[in-house]
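When a residue number appears, it is its place in the shown sequence, counting from 1. First listed ligand is number 1; within each ligand, the first listed atom is number 1. Keep in mind the model is a prediction, meaning the values are calculated, not measured.
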Amino acid sequence: MTDKLIIFDTTLRDGEQSPGASMTREEKLRIARQLERLRVDVIEAGFAASSNGDFEAVRSIANAIKDSTVCSLARANDRDIARAAEALQGAARGRIHTFIATSPLHMEKKLRMTPDQVFEQAKQAVRFARNLRDDIEFSPEDGYRSDMDFLCRVLEAVIAEGATTINVPDTVGYAIPELYGEFIRKLRERIPNSDKAIWSVHCHNDLGMAVANSLAGVRIGGARQVECTINGLGERAGNCSLEEVVMAVKTRKDYFGLEVGIDTQHIVAASRMVSQTTGFVVQPNKAVVGANAFAHASGIHQDGVLKARDTYEIMRAEDVGWTANKIVLGKLSGRNAFKQRLQELGIEMESEAEVNQAFTKFKELADRKSEIFDEDILALVSDESTVAGKEFYSFVSLSQKSETGERPEADIVFVAGDAEIKAHANGNGPVDASLKAIESHVNSGAEMVLYSVNAISGSTESQGEVTVRLQQSGRVVNGVGADPDIIVASAKAYLSALNKLKSPSDRVSPQV
Ligand code: KIV
Ligand code: ZN
């Protein structure tokens with residue numbers, strides 16, 4: 001057992017499984033670079049066999065990332081494992097993470113396999129993976145609801161086959177901290193070769209206890225790897241949140257006595273990048289990364305903090321990357337300063353033409369907004385709704401009329417493929433009118449399941465960032481758009497969601 005806690009980030013795999021959170025290869029690569037900057041030990045980059053897109057994303061991340069181990073998920077079959085190994089070929093350090101369900105419910109109802117068949121398949125998968133890579137992680141899916149004797153048998157066998165990390169998922173978020181901690185402790189105690197592997201925890205947040213369960217798995221169970229995601233992103237109620245688990249272990253080092261390699265100053269930037277890319281807004285009262293996490297509203301608290309900061313603060317805002325909103329660039333900033341800032345933010349453009357395009361958008365924004373913050377730059381590069389030719393739909397212009405007592409109207413111009421479309425509609429409000437105008441031409445029939453507006457940098461001068469979530473034939477996509485004019489931001493977000501609906505979805509979910 002080491003006294004280092006390994007941080008395994010699965011934002012790009014388990015986080016991305018959250019409906020609507022799917023990311024492009026470029027977006028994943030950008031987030032992977034930020035995770036590397038954070039010094040995450042292991043980045044689970046995707047599930048290579050799930051689609052060609054995910055294969056390419058894992059491959060690009062494996063080729064680009066040098067300081068973190070890059071991992072691909074694979075079901076326990078030769079095809080998935082070979083595909084993961086192929087995607088990881090260029091990795092400085094690569095890991096194959098293979099899994100199969102072991103709970104009675106999952107084996108009988110989902111896999112329709114007997115326990116003996118699952119046992120054999122798990123062993124065979126790890127043996128096959130171990131011939132391709134040295135670093136192999138095995139997860140018994142729904143492990144926490146599995147029979148202890150059966151789980152011990154499977155885990156002992158896969159360790160004997162060469163699994164180097166054993167991860168015990170609470171797949172459905174059913175665990176209670178003390179019980180989960182004891183569960184891990186018992187497994188380690190009962191399995192004779194348990195000391196040959198690193199033990200890992202993977203908790204979902206359905207009862208709001210993913211972080212508490214993970215910490216109990218570490219403290220009571222002796223696990224030395226935590227699987228987590230930025231902002232706790234993930235299906236349903238999400239995964240264990242990286243920022244919370246890391247800050248808990250750092251802040252309470254007196255209790256946990258563990259080292260964590262994370263460079264916490266990059267936490268807030270990572271949180272913003274994930275939120276802006278996926279459109280999953282961070283709640284203001286979210287621990288560590290919420291806008292209010294370090295705001296002391298009450299007079300008594302403010303007085304205390306001014307006299308001695310540790311009266312009410314257990315962490316320093318600057319240690320997790322909160323800085324007073326810094327004006328980073330302005331109207332007079334040149335292309336080189338812009339390019340340098342992109343690099344500092346971990347944004348790598350594929351060509352000079354792309355830098356030029358982003359710089360043009362930056363200049364347009366700087367003409368309308370005197371102070372440009374990092375958040376503005378991040379929003380600007382994630383917004384592809386104005387780049388003609390890159391996506392099927394792109395925004396051109398909008399005018400709208402709204403007056404008290406009158407029904408608002410909007411005229412919008414956008415590109416659909418090669419055609420420039422002009423559309424007009426009225427609606428309950430100017431946003432409704434604008435989106436109806438787009439829909440009157442596109443006829444997607446998609447249902448809007450979420451619409452939210454967020455001020456990127458806090459004031460009315462700020463850009464509005466809009467998230468639109470659309471559902472069509474069971475598929476859910478998020479579109480994000482940013483602009484100082486929130487009606488334009490809404491139209492961009494809507495077009496961006498329509499682009500995602502237009503792109504084919506050939507992805508297989510790992511849990512089927
Ligand atoms: O929650 C889960 O069981 C998983 C496994 C695939 C590791 O994400
Ligand atoms: Zn999971």
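- Residue contacts with ligand 1 leave out Gln17, since none of its heavy atoms falls under 4.0 Å from the ligand.
- Taking a cut-off of under 4.0 Å to the non-hydrogen atoms of Pro169, the atoms of ligand 1 that pass are 2 (C), 3 (O).
- Of the residues Met148, Glu178, Arg188, the one that meets the side-chain contact (heavy atoms from CB on, under 4.5 Å) test with Phe183 is Met148.
- Annotation for ligand 1: atoms under 4.0 Å from non-hydrogen atoms of Ser139 are 7 (C).
- Only side-chain heavy atoms of Arg13 come within less than 4.0 Å of ligand 1; its backbone N, CA, C and O stay farther off.
- With respect to the salt-bridge test (charged N to carboxylate O, under 4.0 angstrom), the residues Lys66 and Glu36 do not qualify.
- The distance criterion of under 3.5 Å between nitrogen or oxygen atoms is met by Asp14 with respect to ligand 1.
- For the residue pair Arg37 and Gln34, a side-chain donor N or O sits within less than 3.5 Å of a side-chain acceptor on the partner.
- Close approach of ligand 1 to Glu141 is summarised as follows: ligand atoms under 4.0 Å from at least one heavy atom of the residue are 3 (O).
- Polar contact check, His202 against ligand 1: a nitrogen or oxygen pair lies under 3.5 Å apart.
- Residue contacts to the Zn ion (ligand 2): Asp14 brings an N, O or S atom closer than 2.8 Å.
- The neighbour count for Tyr174 OH, taken as heavy atoms of other residues, nucleotides or ligands under 6.0 Å away, does not exceed 12.
- For ligand 1, the polar-atom distance check against Thr171 finds a nitrogen or oxygen pair separated by under 3.5 Å.
- Scanning both residues, Pro140 and Asn167, for their nearest heavy atoms gives CD-O, 2.8 Å.
- Thr11 and Thr229 form no side-chain donor-acceptor contact under 3.5 Å, judged by distance and modelled atom types alone.
- Taking the ring centre of Phe280 as origin, the terminal cationic atom of Arg469 falls inside the region bounded by 6.0 Å and 45° from the ring axis.
- Of the heavy atoms in Glu227, none comes closer than 4.0 Å to ligand 1.
- In summary, Lys186 and Glu189 do not engage in a salt bridge, as defined by a charged side-chain N under 4.0 Å from a carboxylate O.
- Considering backbone and side-chain N/O of His204, one or more are found under 3.5 Å from N/O of ligand 1.
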